[in-house]
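A quick write-up on the structure given underneath.
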Amino acid sequence: MLTESDNGGIKLSEQAVSPGMQAKGSNYAWVVAIASFLAQVAAFFVVQLWGMNLAYMANDFGIVPTDLAIGSSLFGVIYAALAVVWGSIADKLGIRFVQTIGAIGSGVMLVIAGMFGMNSVTVIALYAIAGVFLSGISLSIVPKVVSVWFATHSRGKAFALICCGGSLAGVINGVIMPAMINEGGWRLCFVGIGIICVIVGVLVCIFVRNNPSIMGKEPFGIEKETEVVVNQSQIQKDIDKESNKERIIRVLKMPNLWKMGIIFILYQVYYMAHVTFFVAAFIDAGYDLTTAGLISSVLYAGIFAGQIIFPIISDHFARKNVLGILLLCAGILYMSLYFVLSANLDTGVVLVLMAACGVAFACNAMMQSTMTEMFPPDLRGTGPGMVNTLGMIGKFGGPLICGTAIASLGGSAIVFPLISGPCAIVAAIIALFTLPKTSGKYGDPLAEKYAQERPMEIEEQELTEEAIQES
């Protein structure tokens with residue numbers, strides 16, 4: 001028997017459905033997840049491309065590297081600001097369209113820049129346009145992908161895979177880009193990374209589908225739990241009734257947006273302060289550059305592990321609790337870094353601390369997975385996109401805030417953990433005490449509410465029941 005439930009869909013309960021009639025989740029969801037993994041690899045390459053080639057471009061154009069710094073800033077602003085736009089388009093036109101256009105568009109711009117960029121202004125403009133497209137394959141689109149293709153108790157596993165794309169790219173980036181630069185200069189590097197993006201876009205177009213119902217399947221993991229079968233046709237009808245502007249306005253009125261937005265802004269202050277001042281802090285503490293690089297590598301190894309462990313754990317417990325505890329640990333561990341650097345302790349102690357900090361740095365993966373269930377099913381592109389756009393405040397404000405504080409406290413970068421650490425702790429408090437509980441035994445409450453308000457038509461319900469019996 002089928003009972004009414006989420007997303008205008010049906011709820012499969014242990015009492016209502018016998019084992020022989022239980023819906024089967026589609027393993028094809030992992031193909032879609034791998035495509036998003038590859039998109040994250042490509043996105044990381046493009047984000048790192050400018051900094052890696054800065055000196056070589058400056059030498060080619062006969063200018064100093066600081067003259068090209070505007071290129072990175074312009075790209076970063078556009079890349080972050082358009083997350084909400086691409087998220088809204090993903091709700092309207094589907095993830096396949098957004099990720100395909102995003103990957104191919106950014107790749108084509110980079111190829112053009114590498115082949116025909118004859119001056120700094122042209123290359124800066126083309127890189128900025130690449131940022132317009134690249135926002136379509138950013139991490140902000142992933143909550144939409146995962147919420148459509150994976151059941152509630154399997155979403156953490158999907159995030160664990162997808163988010164590792166950026167970590168893997170960070171490992172191999174130091175090999176691939178220098179090899180291309182040594183072989184053919186910055187132009188070959190731009191063209192090479194552009195071709196990788198185009199290939200990823202083609203793979204997305206071939207293998208990704210907007211939702212499992214197109215293939216007559218259910219989300220992965222649906223057979224393992226009391227779970228909702230999403231009625232994608234009803235969601236699409238609701239989306240088609242609204243313009244992108246109307247959806248964005250509706251998201252802006254939701255309390256969960258501002259809760260997640262503040263958490264994400266504080267996290268970005270914490271993270272960008274790390275990106276900006278981490279190496280400088282260790283050098284100011286008396287470590288040489290080689291040792292600082294080793295410590296940074298240990299940190300990123302911890303990040304890689306954390307991105308796998310904690311999203312999976314959050315499939316079994318309330319996601320907000322996992323996120324809150326992780327942010328709390330990140331803040332406390334990072335504040336302790338100040339005292340470790342001030343005391344000039346043994347390098348082994350520092351390495352252990354940074355490995356622990358790295359594991360806690362998995363906050364971003366946890367935040368994206370938590371966002372998945374903070375918005376109703378018809379806004380799971382627009383909502384997370386808006387949160388990521390709000391994060392731009394912390395992304396660009398973080399280095400400024402920490403830089404000002406460092407200057408006022410004597411000028412040593414060692415003190416930056418005392419500014420960034422409390423930001424993570426405040427974010428943890430907001431997450432633990434204000435966000436609703438989802439996942440684990442709490443399921444997907446907003447999807448259930450959505451379903452109750454939009455019951456399936458009787459004819460459609462009978463057809464769905466027939467399909468499950470046949471499978």
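Quick caveat, the model's predicted, so the values are computed rather than measured.
- Shown here are the salt bridge (charged side-chain N to carboxylate O under 4.0 Å, His left out) partners of R209, two or more places apart in sequence or in another chain: there are none.
- For the atom pair F310 CZ and R319 CZ, the distance stands at 14.5 Å (nearest 0.5 Å).
- Taking CE from M180 and CG from N53, the interatomic distance works out to 8.5 Å, rounded to the nearest 0.5 Å.
- In this structure, the side chain of T389 engages the main chain of G385 through a donor-acceptor pair within 3.5 Å.
- Closest heavy-atom contact between T100 and G201: CG2-O, 3.8 Å.
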Criterion side-chain hydrogen bond (donor to acceptor under 3.5 Å, both in side chains) on S36 and Q99, from CA distance to verdict: CA-CA 8 Å; S36 289; Q99 290 187 318; 3.2 Å; yes
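- Of the candidates M367, M371, K320, I263 forms a side chain to side chain contact (heavy atoms under 4.5 Å, CB included) with just one, namely M367.
- With contacts defined as side-chain heavy-atom distances shorter than 4.5 Å, the pair F159/I312 does not qualify.
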W50 and M57: CA distance, side-chain angles, deciding distance, side chain to side chain contact (heavy atoms under 4.5 Å, CB included) verdict: CA-CA 9 Å; W50 195 262; M57 290 189 293; 3.7 Å; yes
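- Between the side chain of N388 and the main chain of A83, no donor-acceptor pair closer than 3.5 Å is present.
- F264 and Y267 have parallel rings, their planes meeting at less than 30° on a 0 to 90° scale where 60° marks the start of perpendicular.
- Between the side chain of S135 and the backbone N or O of V132 there is no donor-acceptor pair closer than 3.5 Å.
- The side-chain heavy atoms of Y28 and F220, taken from C-beta on, include no pair separated by under 4.5 Å.
- Side-chain atoms of R96 come within 3.5 Å of backbone N or O of C205 as a donor-acceptor pair.
- Taken to the nearest 0.5 Å, the CZ atom of F44 stands 12.0 Å off from the CG atom of L134.
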Steps toward side chain to side chain contact (heavy atoms under 4.5 Å, CB included) verdict (I303, V359): CA-CA 5 Å; I303 292 174; V359 172; over 6 Å; no
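- Minimum heavy-atom separation, G114 to F190: CA-CB, 3.9 Å.
- P445 approaches T438 most closely through the heavy-atom pair CD-CG2, 3.9 Å.
- For the pair R187 (side chain) and G117 (backbone), a donor-acceptor distance under 3.5 Å is present.
- Using a 4.5 Å heavy-atom threshold, the side chains of W86 and S140 count as separate.
- The aromatic rings of Y127 and F75 sit parallel to each other, their planes meeting at less than 30°, with 60° as the upper class boundary.
- Although no hydrogens or angles enter the test, the distance criterion places no donor-acceptor pair under 3.5 Å between the side chain of N211 and the main chain of V148.
- Across all non-hydrogen atoms, the minimal contact from L266 to A427 is CD1-N, 3.8 Å.
- When each of K92, R247, K144, R250 is checked for a salt bridge (charged side-chain N to carboxylate O under 4.0 Å, His left out) with D378, only R250 meets the rule.
- Without hydrogens or angle criteria, N256 side chain to K259 main chain gives no donor-acceptor distance under 3.5 Å.
- Put simply, the side chain of D444 reaches to within 4.5 Å of the side chain of R155, judged on heavy atoms.
- The minimum heavy-atom distance between A43 and Y79, with the atom names listed, is CB-OH, 4.3 Å.
- Here the shortest heavy-atom pairing between I137 and G102 reads CG2-C, 4.2 Å.
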CA sep, side-chain torsions, deciding dist, call: L139, V142, side chain to side chain contact (heavy atoms under 4.5 Å, CB included): CA-CA 5 Å; L139 198 58; V142 175; 3.8 Å; yes
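- Under a 4.0 Å N-O distance rule, the pair D315/K157 qualifies as a salt bridge.
- Between atom CZ of residue F45 and atom SG of residue C197 there is a gap of 9.0 Å, rounded to the nearest 0.5 Å.
- In this structure a side-chain-to-backbone donor-acceptor pair under 3.5 Å is present from S439 to S314.
- In this structure, the side chains of V46 and I193 come closer than 4.5 Å at one or more pairs of heavy atoms.
- Using a 4.5 Å heavy-atom threshold, the side chains of V146 and Q368 count as separate.
- A donor-acceptor pair under 3.5 Å links the side-chain atoms of S369 to the main chain of M366, judged by distance alone.
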Trace of the ring-ring contact (aromatic ring centres under 6.0 Å, His included) decision for F150 with W30: CA-CA 9 Å; F150 290 85; W30 291 109; 4.9 Å; yes
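- Rounding to the nearest 0.5 Å places CG of L54 at 11.0 Å from OH of Y56.
- In this structure, CZ in F207 is found 10.0 Å from CD1 in I34, a value given to the nearest 0.5 Å.
- L252 places a side-chain heavy atom less than 4.5 Å from the side chain of W258.
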Test log, rule side chain to side chain contact (heavy atoms under 4.5 Å, CB included), inputs C164 and I308: CA-CA 7 Å; C164 284; I308 295 173; 3.5 Å; yes
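- A heavy-atom distance below 4.5 Å is found between the side chains of L390 and L257.
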